[in-house]
Amino acid sequence: MSLIEKAMSHDTGSAEPLLSVQGLSTHLGSASRPVRAVDEVSFEIHRGETFVLLGESGCGKSMIALSIMRLLPPSGRLVAGNVLLEGQSLCALSEAEMRAERGGRVGMIFQEPMTSLNPVMSVGQQVAEAVRLHDPDHHGRVNDRVVELFRSVGIPDPERRAGEYPHQLSGGMKQRVMIAMALAGRPEVLIADEPTTALDVTIQAQVLDVLRNLQRETGMAILLITHDLGVVAEMADRVGVMYAGQLVEVNKVKDFFSHPMHPYSRKLFQSMPTAEKRDRGLDVIPGIVPALDQPFECCRFAERCELAQDACREAQPPWHGELRQGYRCVLGPEQDRDIDAAGLVALDATRAAGAELLLVNDLKVHFPIHKGVLRRVVGHVRAVDGVDLRIPAGLTVALVGESGCGKTTVGKAILQLIRPTAGQVLFDGNDLRRTRGAALRRLRREFQIIFQDPASAMNPRMLVEDIVAEGLVAQGLGGSRSDRRAIVEQLLEQVGIRSNAADRYPHEFSGGQRQRIAIARALALKPRLIICDEPTSALDVSVQAQVLNLLKELQSDLGLAYLFITHNIAVVAYLADEVAVMYLGRIVEYGVVDEVLGSPLHPYTVALLSAVPVADPAHQREVIKLQGDMPSPIDPPSGCYFHPRCPRAMSVCRSHYPPMVELESGQRVACWLEVPEERHPSDVQATSD
Amino acid sequence: MSFQPVILWTDALVYLLLLLIAVTIWHTRRHEHLLQPWRRVSASRTGQAALVVLLFYVIIGLLDTLHFNPRVDPGAPGDAVYSTEVLSVFDVIAGPLRTERETTYSAPFATHLFSKKTVYRPDGSAVREYPRLRYGGSHLDEHGNGKLADIVAKGALGALQGALVWLVLLLVLCLMQPARLLRLLSGRTPTPWHVGAWTALVVVAVFAALWELSEHYHILGTGKVGEDVFFQALKSIRTGLIIGTLTTLVMLPAALLLGIMAGYFRGWVDDVIQYLYTTLNSIPGVLLIAAAILMMQIYMSNHAEQFSSLTERADLRLLFLCLILGVTSWTSLCRLLRGEALKLRELDYVVAARAFGVADFRILLRHVLPNVMHIVLITIVLDFSGLVLAEAVLSYINIGVDPATNSWGNMINGARLELAREPVVWWSLIAAFGFMFTLVLAANLFSDVVRDAFDPRLRQQR
């Protein structure tokens, strides 16, 4: 199917839809008090169309996919509704017939490619299995078909790759294998459940590209499930917004981004961090998603909606518009729904750089690799290989990079949670690497850490009071038990948690609240530096906004310095003052946030920024595709670590690591492109290629 | 005083164990997250029924643990003289069961001995016949007529008494409010307490019926020297429970400390501990136990003067058996805990604690230990039944408890030779088997429930 046909197919709304979901309701758990995971959801997808289900965690979007595939967990059941594939009901099929449809006309790929492949079978065999089951045309020529499939999903050297095992492939490659497997039955509908969430942005760009190309070639319909507005803008033709088990809005992607209809959709956009919102707080959605184990008599967003009226709390809101474009709200299409953003705190954006707080010189962390009976050291994992950082008091420095580049290790090495192999970590003039025992323990009150996953960052068997007071006890501060209690209550108040929370356990709180408690704990010792290790990656957009606001307020109130470790460029743009971009254990570019993000110089930064999906379908951008994956830090490439993937590599890059060059703007780059040619090493010929 | 309390070594450890359990219960009651899995246990019907049976065993075992020396001539003036014989409260309650001995084997509910004997009549003639038992069925006539009716009547009477006791007990538990009792028994409480209550009725009624009968008959027959097998089997309960619980108590500190230290500290500490338990694991367990028990035996026979009574000696041997079983069985728990600690030390909250400058030992105590306790509990309960069975096997091959100690293993060992007899003396074996089977079955069912309630991975699947 060509592009033109595709474009035609979804303008002609009258055509028979390929997949039609009608009033689907799925319940989980006991019959007496079921969790209504999916509640009367209806939508349809046409051939060649990409329909994206957008929603925060727990809104039931994955349950829809599993209901369509009839792969619900044992406690789940379809209680109402129907799923029609080309007019044929999937719900009426016997289990044996349904097995033929799964992987046949309906293919599915999952979020986690690591666990979706069998580790003891070669990937070729696993795809061949799917081919044998679902592709009768290729009996006898299974291996040819496997190679063909591998080629179609962009796996280089498919003949060799087919014989490899999952552990030999990177995450992006594994996800391609999963896609190849789903394609084996030539599906008409491909259901992709967060296919790129576990992948880095550069790899995500590759995988999304594969999906788009495949759709263009085969004309299949894609049901894509995601929580990322950027992915929606990249991929979708139409988008359905889920909230608390219900579809609250279905819209064409352009209209959705220009005029979202449902108040929840609007709020989602407003709570996204961007560079423009730097000088103020982010808009947040107050409260939390209601529990789904109750029947709803009213609008389920009413509690959190600023436009809620009495009518919202009295009856279920009506559906405006049609199945292919409409929304569920009491507000009519012509009614005004602008939300006043005046209530937001204006923050002082002009922060002067204070005295130098932390200075990191040539930090190295090498993990030895032991082998053999005698556990001899045969090599090193160079997780961090010479990092220089400078964090002034009261500012935020972001450390950006893809997974495996060593950014978390830098954070832990600065805190001496992992002992660095070499280099200097000067905190306020004290060399932490040379400080040990009690002296180091005393110094620890000055710098703290916040983790990515607040659930695992708190001992589930301790009360919030004990968790927050842990540092006070360890440092012998805070006086008596009642004094400590007062401090804890004040800290909780400071992060916006009711102080009666002190007597509860962490599991009683939502993810965002838990992260606030973790922040309160870090603040207990009045640190001057907090290392934030992806503090918002595990959180939904609306909750992320709450945490980012809090971090920003605390910084302006207390003059904290942050080292913000993240892979989320939007958060960097919103929060950071300076950015360091890391690749394979080294910093490749460093500078003020506007300059690095606005005019990146290092080819890696350029590629990284171009791969980030932008939440605006009108925004045309060219993704610079990086070849392959990040090399292993055990055996980094010679010369510049980035040269095997660099589109602008020169011969000098292959033999010499580039020096850090400081430009007039203060931006620093480690790239030969920025080094005047006369300063290139003499043993390399002039760059004629 | 008409008695002098005696605290044997195992008694002391049992008291220590009780104290630990009491502290644990007190601590658990104050912490909601610790209480929750126990709520799940109590919500399980199987768990309740098994727990009632276990409680019954525990009560008998505890009564048998309160030891004392009786006064030789109570009421006599002057300084009290105490017998060297060690009795337990249970012995006193059992009273006639303990003292009423026949001369040799007799079948369950028999009125005559199992083998013929030459009996001299008053007229001087000698006849070979099955002699009448001295105590068993002595209230019946010479030929034991009407035995069946008597058994039924006495059994029913006993069961009725048992039911009454049960009713009174429950009423007391329900604070003397009959309405509450009714609601409980009809299963209208959120927690299925009625399952436990009805199980208790069955247990109490059956036991009371047996008890009533045992005053008039040897309901499980008699052993080689005429001792009551029912009494023997009941006395063996304490031995079984002690082996099952004290062994764990003995091995627990080592397994806990070494396991979490190995996992948390890694490096050379881990190496040393791993080598230690791998080495221990490579020694055949039975041989180690045999060697240790033989050494103990020789020591005890060479230093007989250190033991004031036979009971004390047998008790020490029992304790030693617990110790040596503990030494051979701590490795598997240690390995499990090491693995868990390896996982925990990488968790963010442990890292966060280190970032606060919390000392290592305190991290182990506050962060690692509480988060491995569910594994410890599951292991203890699962190991219990295995250890009870191990005692039986070891006693059977003569390296178990002292032959003078009542234990199911010794009963089986004693019955071993008689199995070759014709007709077979089967009752010792069956009695030991039945008592052991009930205990182990209840323990296994209970441990399944405990594991389901405590294992976080299993919990997520439901």
Residue list, salt bridge (charged side-chain N to carboxylate O under 4.0 Å, His left out) with A:D483, at least two apart or on another chain: none

Interatomic distance, A:N459 atom CG to B:I363 atom CD1 [nearest 0.5 angstrom]: 11.0 Å

Between OH on residue B:Y349 and CE on residue A:M458, distance to nearest 0.5 Å: 11.5 Å

Polar side-chain atom of A:R444 near backbone of B:R354 as donor-acceptor pair, under 3.5 Å: yes

Interchain contact, A:D533 with chain B, by part (heavy-atom threshold 4.5 Å): neither

Distance-minimising heavy-atom pair for B:A352 and A:R521: CB-NH2, 3.5 Å

From CA spacing to verdict: side chain to side chain contact (heavy atoms under 4.5 Å, CB included), A:R441, B:F356: CA-CA 7 Å; A:R441 268 210 284 279; B:F356 278 124; over 6 Å; no

When A:H507, A:M462, A:Q452, A:R445 are compared by non-hydrogen pairs under 4.5 Å with chain B, the top option: A:M462

Region of B:R362 that comes under 4.5 Å of a non-hydrogen atom in chain A: side chain

Working for side chain to side chain contact (heavy atoms under 4.5 Å, CB included), residues A:R461 and B:N371: CA-CA 7 Å; A:R461 308 209 180 270; B:N371 284 293; 3.4 Å; yes

Inter-chain contacts: residues 408-419 of chain A against chain B, heavy atoms under 4.5 Å: A:K412, A:L417

Under 3.5 Å donor-acceptor, A:Q475 side chain and B:G357 backbone: no

Engaged part of A:R442 at the chain B interface, taking heavy atoms whose separation is under 4.5 Å: neither

Which atom of B:D348 lies closest to which atom of A:A457, heavy atoms considered: CB-CA, 3.5 Å

